[in-house]
S.K.: 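Pasting in a structure now, in structure tokens, and then I'll have a few things to ask.
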Amino acid sequence: MSLAQPADLAVTNKKAALKGLYDALYEKNMFPFWATSEGVDHDEIKQLMATSKAIPFVWSYTDIEPLLQRAAELVTMDDSERRSLILVNPGLAPKRASVSTMYTAYRLNDPDEIMPPHKHSPSAIRFGLTGKGNFTGVEGEDVVFGPGDMVLTPNDAWHNHGTVGGEQAVNLSVLDLPLVETLHAVHFDHKYTEMVDGKEVEKKVQTARFPSDYSQRIYGEGGLMPRFVDHKRGGGLSSPMYVYRWEKMEASLDAHKDWDGDPHEGIVIDYVDPTTGGPVFRTINFYV
Ligand SMILES: [Fe+2]
């Protein structure tokens with residue numbers, strides 16, 4: 001055994017001192033921001049330094065569809081009013097997130113199921129996939145929607161899910177829930193009430209307060225804005241137009257099909273808040 005040279009000794013001592021410092025920091029729930037992954041050998045450090053990131057991933061509808069059917073058989077509306085399959089990104093699991101700030105969920109409703117109303121701080125859209133009778137009542141506007149129709153349920157707007165018309169229907173949801181969760185701002189409310197004879201009464205179904213074509217009638221024409229209605233609906237932060245019909249989107253895409261479009265994105269049409277021209281939610285933009 002040979003004695004360490006003074007220079008080596010200094011290095012060894014510094015290493016030991018650093019290790020002691022790191023141990024003391026972890027014990028007190030702190031992280032040495034100057035540490036590099038090669039300079040440290042703790043598992044905790046690797047975990048701290050490995051930020052979870054969404055990875056590119058494809059979910060196939062041929063996998064999703066049979067699982068939706070099995071869920072519909074096994075989980076009745078009485079068991080849960082939230083029978084949705086959330087697409088969880090393998091890079092972010094177990095967090096319920098498809099990408100870092102949003103998740104997508106598929107939902108199959110059996111014929112003529114109507115769930116009780118609820119509201120929440122995350123904003124959501126519902127996009128019709130199959131069946132003509134997807135149903136969502138949003139703030140008293142009863143919307144029946146089919147394939148390609150997009151319905152907004154903005155933050156803090158009372159809404160429910162369901163189907164009418166005697167056939168199964170599948171829709172897709174997109175929520176900004178992972179973002180709102182990160183901001184510690186998620187809240188849900190399931191106690192829907194209406195005033196009846198001057199008294200607040202809990203209700204399982206929202207009474208319609210708007211005609212069912214309200215969104216199209218008031219906001220369906222670009223460049224024109226009715227003055228006689230209140231444009232703040234629900235939480236007041238999102239587009240007051242709650243339904244975007246596929247028919248109009250398809251007509252608009254068709255009208256531009258011989259254009260060159262953007263060299264990278266091609267022909268893209270945004271869904272906009274008709275009162276501002278901006279995105280439908282402050283947190284998510286949608287387009288086709
Ligand atoms: Fe909801």
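Read the numbers this way: they start at 1 and go in the same order the structure lists the ligands and their atoms. What you are looking at is a predicted structure, and each value in this text was computed from that prediction instead of being measured.
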S.K.: Set out, in order, the CA-CA distance, both residues' side-chain angles and the distance that settles side-chain contact (heavy atoms from CB on, under 4.5 Å) for V288 and L253, then state yes or no.
M.R.: CA-CA 9 Å; V288 176; L253 287 168; 3.8 Å; yes

S.K.: Protein N, O or S atoms at less than 2.8 Å from the Fe ion (ligand 1), how many?
M.R.: 3

S.K.: Check the side chains of D176 and T283 for a donor-acceptor pair under 3.5 angstrom, ignoring hydrogens and angles.
M.R.: yes

S.K.: Would you check if the distance from the ring center of Y214 to the ring center of Y242 is below 6.0 Å?
M.R.: no

S.K.: Can you tell me how the ring of Y192 sits relative to the ring of W158, calling it parallel under 30°, perpendicular over 60° and tilted otherwise?
M.R.: perpendicular

S.K.: Would you please indicate if the ring centroids of H118 and H159 are separated by under 6.0 Å?
M.R.: yes

S.K.: Does one side chain, of Q69 or E73, offer a donor that lies under 3.5 Å from an acceptor on the other?
M.R.: no

